*Asks:* 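One structure coming up, written as structure tokens, with questions to follow.
Predicted model only: the values in this text are computed from it and were never measured.
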Amino acid sequence: MSEEIKNQEAADNVENNETVEATEAVESAEAVTGTEEEVTSQEGLEIISLKKGDTVKGTIVKIEDNQAYVSIGYKYDGVIPIRELSSVQLDNAAAAVEVGQEVECKVVSINDNKESLVLSKRAIDSEKSWEDLEKYFASQESFEVTVADVVKGGLVADVGARGFIPASMVERHFVEDFSDYKGRTLRVKVKELDRENSKVILSAKEVLEEEFEANKQKIMSELSEGQIIEGTVQRLTQFGAFVDVGGVDGLVHVSEIAWNHVEKPSDVVSEGDKVRVKVLKVDPEKGKISLSIKAAAPGPWDSAAGQINIGDVVTGEVKRLVNFGAFVELLPGVEGLVHISQISHKHIGTPHEVLKEGQEVQVKVLDFNPSEKRVSLSIKETEEAPAPTARPERSNSRDRAPKEVLNNPNVSLSNEGLSFTLAERFGDKLDKFKGNN
């Protein structure tokens, strides 16, 4: 019995030994296979052929200030110098790429002995960008760019090539300082394109102009004459104020700023003021909007009804002199007429004889009709009438002195004497005439 057990154990030991040997043989074979694969892989890397001008794809694995490292599956990583990262000048490599970013590059140089592989991202970007730029230029379609740098005379953007936006093509208005434009995103159009000389001129102003005109037409179509809206004073000129009414400027002429006379707009409003305006006229063809501030406010005649009464004596200012009288301002925008007959108790030929423009005078309200915007005034009724001048008494006819008798024999003041003298004279002439005949 013990012999059988011993024989069985011996058989089991042999079987186990064979199993272990088989397992070790398999593991050894697998190890050999793995080694062969690694060698093959290594040999595969070594047989990759790269030459100057080749295009490769890779992933950014490391960034330094002046360069970025790219893994392209080669036996060592490639390097993109900062000058080959972008078509515009960069302060550091991180401004153009980030770790993990996939990039397409062109081989600038390769030296396996020194394990030096220099790549250019800029070269590939430039080749692709010129095709896009030519399409944008032909279609005049707008696209977005990011301002990479602020230089003398304008802005620079990386569009695969160096895109230049002249200062005059940045905004619709004048900009004195562009220092805060770096990093901004602008919509631009290609204005000039010269691939041979790598010249790309862009314009953001043209895009803004188109957007402004489109918005202007939209707003103008929504405005109607007589409408009262709110706006913001944008700028002032000698002849009026331009008010922004939803992105479009309308003109408030100086005569429409206030009910009283305004010498210059800055006397009444300032840039940035919020004002209520009434739409007087909309002209879409000319792109003009006429507005009025005074028409949107209660008129002076509306409030004058409670301030002016017939019989009141008030102080006013002579505003205008005409041949038939003087116009005197009682309240801002409310003028009344002093007829020439009501200026003075004495007779005058013209109002200029006793009044001058700008003079303050006391007037009495003779008539007031706010609905017709008419006030009749009098200056002389505020003054005491002068005493009448004494006339010389007429003497009685019986007390008159006798008329002086002229001692002239040929002249008589009586009809009888006059007739006799003429008869005598003509009689003598007739006698002479008859005698001659």
Side-chain angles (χ1 to χ4, degrees), residues 60 63-68 80-99 101 103 120-195 197-216 218-219 232-236 242 244 246-249 271-272:
I60 302 294
I63 298 175
E64 295 179 350
D65 287 344
N66 61 350
Q67 60 189 4
I80 309 176
I82 191 170
R83 67 178 181 277
E84 295 298 334
L85 280 169
S86 173
S87 59
V88 299
Q89 185 176 352
L90 301 174
D91 295 330
N92 56 69
V97 291
E98 57 185 18
V99 174
Q101 179 180 342
V103 293
S120 174
K121 177 178 178 293
R122 175 175 64 90
I124 297 298
D125 290 344
S126 180
E127 288 178 5
K128 291 182 177 180
S129 67
W130 279 104
E131 296 178 4
D132 294 335
L133 289 171
E134 286 172 352
K135 291 178 182 178
Y136 285 132
F137 183 59
S139 66
Q140 282 299 290
E141 181 184 351
S142 65
F143 57 99
E144 289 187 349
V145 299
T146 300
V147 178
D149 199 6
V150 177
V151 297
K152 184 178 180 181
L155 309 175
V156 173
D158 184 1
V159 289
R162 182 181 185 274
F164 182 62
I165 310 174
S168 61
M169 296 186 183
V170 177
E171 298 284 357
R172 294 180 59 243
H173 57 272
F174 173 74
V175 178
E176 186 173 356
D177 183 12
F178 289 99
S179 59
D180 63 342
Y181 275 70
K182 188 173 181 177
R184 283 195 191 183
T185 299
L186 305 176
R187 290 198 67 82
V188 298
K189 282 190 174 185
V190 180
K191 295 304 297 176
E192 292 184 38
L193 198 61
D194 187 345
R195 186 167 186 172
N197 296 307
S198 297
K199 182 180 180 182
V200 182
I201 304 298
L202 308 172
S203 173
K205 179 180 179 179
E206 186 163 327
V207 177
L208 294 174
E209 289 284 6
E210 289 182 355
E211 292 175 351
F212 173 79
E213 285 301 322
N215 183 57
K216 183 176 182 178
K218 177 179 180 296
I219 291 185
T232 304
V233 179
Q234 289 290 83
R235 56 193 175 93
L236 302 176
F242 285 93
D244 181 351
V248 179
D249 289 350
E271 293 182 1

*Asks:* Go through the structure and list residues passing side chain to side chain donor-acceptor pair (under 3.5 Å) with E127, not counting sequence neighbours.
*Replies:*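 With neighbours one apart ignored, the set is K106.
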*Asks:* Over all heavy atoms of both residues, which pair between V170 and L208 is shortest? Give the atoms and the distance, please.
*Replies:*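 What the structure gives for the nearest pair is O-CD1, 3.7 Å.
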*Asks:* Got a sec, which pairs hit ring-ring contact (aromatic ring centres under 6.0 Å, His included) with one end in residues 146-177, sequence neighbours left out?
*Replies:*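 Pairs touching residues 146-177 that pass the test: none.
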*Asks:* Which residues satisfy the salt bridge (Lys or Arg N to Asp or Glu O under 4.0 Å) test with D194, sequence neighbours excluded?
*Replies:*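 Result, salt bridge (Lys or Arg N to Asp or Glu O under 4.0 Å) vs D194: none returned.
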*Asks:* Could you list the residues that satisfy side chain to side chain donor-acceptor pair (under 3.5 Å) with T146, not counting sequence neighbours?
*Replies:*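 For T146 there are no side chain to side chain donor-acceptor pair (under 3.5 Å) partners, ignoring immediate neighbours.
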*Asks:* Assess whether side chain to side chain contact (heavy atoms under 4.5 Å, CB included) is satisfied between V147 and F178, documenting all intermediate values.
*Replies:* CA-CA 11 Å; V147 178; F178 289 99; over 6 Å; no
*Asks:* Mind checking salt bridge (Lys or Arg N to Asp or Glu O under 4.0 Å) for R235 and listing every partner two or more places apart, or none if nothing turns up?
*Replies:*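 Listed in chain order: nothing, the list is empty.
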*Asks:* For a quick test of reading the model, state the closest non-hydrogen atom pair linking A68 to I60 and the distance between them.
*Replies:*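 That would be CB-CD1, 4.3 Å.
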*Asks:* Is it true that S87 and D158 share a donor-acceptor pair across their side chains at a distance under 3.5 Å?
*Replies:*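 Result is yes, a qualifying pair exists.
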*Asks:* According to side chain to side chain donor-acceptor pair (under 3.5 Å), who are the partners of S139, at least two apart in sequence or on a separate chain?
*Replies:*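 Checked S139 against side chain to side chain donor-acceptor pair (under 3.5 Å); zero matches.
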*Asks:* Run the side-chain contact (heavy atoms from CB on, under 4.5 Å) test against L90 and tell me which residues pass, sequence neighbours left out.
*Replies:*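 I82, L85, S86, V88, A95, A96.
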*Asks:* Within this structure, what is the CZ-CD distance for the pair R195 and E134, rounded to the nearest 0.5 Å?
*Replies:*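 Output value for this atom pair is 5.5 Å.
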*Asks:* Does any pair with a residue in residues 80-91 pass salt bridge (charged side-chain N to carboxylate O under 4.0 Å, His left out), and if so which ones, sequence neighbours excluded?
*Replies:*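 Pairs touching residues 80-91 that pass the test: E84-R122, D91-K182.
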*Asks:* At what distance, to the nearest 0.5 angstrom, does OG of S142 lie from CG of L186?
*Replies:*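 Nearest 0.5 Å value for the OG-CG distance: 11.5 Å.
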*Asks:* Identify, with sequence neighbours excluded, every residue that meets side chain to side chain donor-acceptor pair (under 3.5 Å) alongside D180.
*Replies:*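 Scan of D180 (side chain to side chain donor-acceptor pair (under 3.5 Å), adjacent residues dropped) gives R184.
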*Asks:* Among all residues two or more places apart in sequence or in another chain, which pass the salt bridge (Lys or Arg N to Asp or Glu O under 4.0 Å) test with E98?
*Replies:*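 Testing E98 for salt bridge (Lys or Arg N to Asp or Glu O under 4.0 Å), a comparison that skips the adjacent residues, returns none.
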*Asks:* With sequence neighbours left out, what residues match D125 under salt bridge (Lys or Arg N to Asp or Glu O under 4.0 Å)?
*Replies:*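 Residues passing salt bridge (Lys or Arg N to Asp or Glu O under 4.0 Å) with D125: K121.
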*Asks:* Do L193 and V200 have side chains that approach each other closer than 4.5 Å (heavy atoms only, starting at C-beta)?
*Replies:*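 Yes, side chains in contact.
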*Asks:* I'd like to check the side-chain contact (heavy atoms from CB on, under 4.5 Å) partners of F143; sequence neighbours left out, ordered by chain and number.
*Replies:*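 F143: side-chain contact (heavy atoms from CB on, under 4.5 Å) contacts with L133, Y136, V145, V159, V188, V190, L202.
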*Asks:* Could you grab the distance from atom CZ of F137 to atom NZ of K189, nearest 0.5 Å is fine?
*Replies:*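 Answer rounded to 0.5 Å: 11.5 Å.
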*Asks:* Between R187 and E211, is there a salt bridge with N-O shorter than 4.0 Å?
*Replies:*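 Looking at E211 and R187, the cut-off is not met.
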*Asks:* For a 4.5 angstrom cut-off between non-hydrogen side-chain atoms, does E209 reach R172?
*Replies:*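 A side-chain contact exists here, since the closest heavy-atom pair is under 4.5 Å.
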